[in-house]
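Inspection log for the structure reproduced underneath, given as structure tokens.
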Amino acid sequence: MRKEDVVKGYLPATIVAGERGEAFAPSNIALCKYWGKRNRELNLPINASLSVSLAHLGSKTCITESPDGVDRVILNGEEQAGDSKFARKVVDFISLFRGDLKQAVQVETENNIPTAAGLASSASGFAALMLAVDHFYDLKLAPQHLSAFARMGSGSASRSIFNGFVEWQMGNREDGMDSFAVPLDRDWADLRIGLVKVATAEKKVDSRAGMQRTVESAHLYQSWPLQAAADLEKLHIAIEQQDFMLLGETAEQNALSMHATMIASWPPLLYWQPESVAAMHKIWDLRAQGLQVYFTMDAGPNLKLLFLEQDSADLISAFPELEIVTPFATT
Ligand code: DP6
């Protein structure tokens with residue numbers, strides 16, 4: 001099934017462009033990871049995942065009519081070449097929604113995620129783009145449809161439609177329309193996320209290619225859906241009971257289990273740098289000394305720390321460069 005065929009059924013009969021469609025979406029960090037697809041065209045996952053959104057850190061996107069009839073994509077103030085990978089992904093995504101409308105658009109995106117944090121921006125990028133498209137063409141899509149369509153741009157973008165804790169349900173329909181994220185009705189005011197930068201160089205194998213390689217070549221991957229399902233249950237309990245140790249242990253084990261499947265792929269996928277391993281040991285040492293800190297990692301060398309507000313000062317002295325995010329900030 002093609003993306004455009006799925007989307008078509010949810011659009012108004014006539015698409016009309018507005019003057020301006022603007023939206024912000026936060027980045028997110030998965031505590032139970034999405035790793036592996038059952039359908040690559042629609043980005044349908046093999047397992048459900050759960051994340052926490054990063055509040056004010058994310059992408060802001062604005063769509064207007066193009067001044068000269070040519071689709072234009074501007075990223076952080078710089079116009080991208082029309083045939084660049086980034087511009088093509090953005091324009092192809094918009095084309096899913098503009099139907100027969102011939103009008104060209106100008107898309108301006110700003111990421112405020114500190115580049116030093118080495119965080120991927122495809123999640124917040126596609127979520128913000130989906131929300132901006134919804135405004136610009138006045139589609140009035142329901143939240144679960146916004147999430148399902150953002151997922152077609154990038155799987156993790158399905159979760160960035162919402163704030164706070166978010167679960168992406170895997171669904172089982174062929175068209176994927178039951179594979180969308182839902183926000184959990186729970187917050188955690190003193191939860192903190194610390195971004196530890198190890199390296200910012202562009203990774204050689206992105207998540208998309210990495211997960212495909214793992215699914216196709218790692219026998220160990222067979223155990224992943226079971227691990228993820230068990231972790232998801234534990235995370236729900238941890239969030240419900242505000243049990244930080246259970247949250248941290250589960251997220252760390254989940255991330256390491258995902259990395260184990262990557263390492264067991266062929267050719268092997270090891271996203272860690274020596275500095276990543278050094279940071280892991282440092283965290284385990286701090287924990288042995290009684291500090292409650294855990295880590296998670298995505299398809300890259302950087303670590304994201306999980307800790308509570310009361311331990312912020314200790315963490316800053318251990319990691320002076322730490323960028324701290326308050327996911328449930330009230331202001
Ligand atoms: C390790 O959402 O970037 O960060 O669907 O191919 O665009 P595509 O992949 P993407 O993968 C994210 C993988 C991860 C784990 C996670 O965020 O759940």
The single option from Ser124, Ser122, Ser27 that satisfies side-chain hydrogen bond (donor to acceptor under 3.5 Å, both in side chains) with Ser59 is Ser124
Relative to Phe319, does Lys282 satisfy both conditions: NZ or CZ under 6.0 angstrom from the six-membered ring centre, and within 45 degrees of the ring's axis?
yes
What pairs with Phe136 under ring pair (Phe, Tyr, Trp, His ring centres under 6.0 Å), at least two apart in sequence or on another chain?
none
Grab the two heavy atoms, one from Glu240 and one from Arg186, that are nearest each other, plus how far apart they are.
OE2-NH2, 2.6 Å
Would the distance check show the side chain of Arg213 and the main-chain N or O of Val205 forming a donor-acceptor pair, the cut-off being under 3.5 Å?
no
Between Arg151 and Ser179, is there a donor-acceptor pair closer than 3.5 Å when you use the side chain of the first and the backbone of the second?
yes
Among side-chain atoms of Asn28 and Ser160, is any donor-acceptor pair under 3.5 angstrom?
yes
Intermediate values then yes/no, side-chain contact (heavy atoms from CB on, under 4.5 Å), Val73 and Val91:
CA-CA 8 Å; Val73 178; Val91 171; 3.9 Å; yes
Just grab all the ring pair (Phe, Tyr, Trp, His ring centres under 6.0 Å) pairs involving residues 11-38, residues at least two apart or on different chains.
Tyr34-Trp168
Please check if any side-chain donor atom of Arg98 sits under 3.5 Å from a side-chain acceptor atom of Ser95, or the reverse.
yes
Please assess Phe244 against Tyr294 for the test ring-ring contact (aromatic ring centres under 6.0 Å, His included), listing each intermediate value before the final yes or no.
CA-CA 10 Å; Phe244 180 67; Tyr294 300 87; 5.7 Å; yes
Which atoms form the tightest heavy-atom contact between Pro301 and Gln273, and what is the distance?
CB-CG, 3.7 Å
pair Ile316-Ile324: side-chain heavy atoms closer than 4.5 Å:
yes
Heavy atoms, side chains only, cut-off 4.5 Å: are Leu139 and Leu11 in contact?
yes
Taking Gly36's backbone N and O only, do any of them form a donor-acceptor pair with Asn47's side chain (distance below 3.5 Å, no angle check)?
no
Hydrophobic cluster mates of Trp266, side-chain heavy atoms under 4.5 angstrom, ILVMFWY only, any path?
none
Could you walk me through whether Asp285 and Arg287 pass salt bridge (charged side-chain N to carboxylate O under 4.0 Å, His left out), step by step?
CA-CA 5 Å; Asp285 286 345; Arg287 218 148 74 208; over 6 Å; no
Quick check on the hydrophobic clustering: are Leu246 and Val52 connected, directly or via other members, by side-chain heavy-atom contacts under 4.5 Å?
no
Do you know the tightest heavy-atom contact between Leu42 and Met152?
CD2-CE, 4.0 Å
Which atoms form the tightest heavy-atom contact between Val325 and Pro327, and what is the distance?
O-CD, 3.3 Å
Glu41, CD: over 12 other non-hydrogen atoms inside 6.0 angstrom:
yes
Indicate whether the side chain of Asp68 and that of Ser66 have a donor and an acceptor atom separated by less than 3.5 Å.
yes
Cluster link Phe162 to Ile239, ILVMFWY, side chain under 4.5 Å:
no
State yes or no: do Val6 and Ile94 share one hydrophobic cluster built from I, L, V, M, F, W and Y residues joined by side-chain heavy-atom distances below 4.5 Å, directly or via other members?
yes
Residues forming a side chain to side chain contact (heavy atoms under 4.5 Å, CB included) with Asp187, sequence neighbours excluded
Phe328
Would you say that Asn302 contacts Val196 through its side chain, given a criterion of any heavy-atom pair below 4.5 Å between the two side chains?
no
For the residue pair Glu216 / Gln212, report whether a side-chain donor-acceptor contact shorter than 3.5 Å exists.
yes
Between Thr326 (side chain) and Ala329 (backbone), is there a donor-acceptor pair under 3.5 Å?
no
Look at the rings of Phe295 and Trp284 and say which category their plane angle falls in: under 30° parallel, 30 to 60° tilted, over 60° perpendicular.
tilted
Salt bridge Arg192-Asp190, side-chain N to carboxylate O under 4.0 Å
no
Check for a donor-acceptor pair, side chain of Ser154 on one end and backbone N or O of Ala150 on the other, with a separation under 3.5 Å.
no
Locate the shortest heavy-atom distance separating Ala255 from Met297; write the atom from each residue and the value.
CB-N, 3.7 Å
Do you reckon Val166 sits in the same ILVMFWY cluster as Leu54, going by side-chain contacts under 4.5 Å, direct or chained?
no
Tell me the closest heavy-atom pair linking Ser312 and Phe307, and the distance in Å.
OG-CE1, 3.6 Å
Answer yes or no: are there more than 12 heavy-atom neighbours, outside Glu321 itself, under 6.0 Å from its atom CD?
no
Sequence neighbours excluded, the answer for side chain to side chain donor-acceptor pair (under 3.5 Å) partners of Asp5 is Arg2
Under-4.0 Å salt bridge between Asp175 and Arg173:
yes
Just jot down the ring pair (Phe, Tyr, Trp, His ring centres under 6.0 Å) partners of Phe86, sequence neighbours excluded, or say none.
none
Tell me, with the steps shown, if Lys3 and Asp92 meet salt bridge (charged side-chain N to carboxylate O under 4.0 Å, His left out).
CA-CA 11 Å; Lys3 294 187 197 86; Asp92 286 351; over 6 Å; no
List the steps, then state whether ring-ring contact (aromatic ring centres under 6.0 Å, His included) holds for Phe149 with Phe180.
CA-CA 8 Å; Phe149 296 149; Phe180 53 79; over 10 Å; no
Would you indicate whether Glu174, at its atom CD, is surrounded by more than 12 heavy atoms from other residues, nucleotides or ligands within a distance under 6.0 Å?
no
Enclosure of Lys60 NZ (heavy-atom neighbours >12, cutoff 6.0 Å)
no
Do Leu226 and Leu256 land in one hydrophobic cluster if side-chain heavy atoms of ILVMFWY residues count as linked below 4.5 Å?
no
Knowing that exactly one of Lys33, Arg159, Glu167 qualifies, which makes a side-chain hydrogen bond (donor to acceptor under 3.5 Å, both in side chains) with Ser49?
Arg159
Does either side chain, that of Asp231 or that of Gln227, offer a donor lying less than 3.5 Å from an acceptor on the other one?
yes
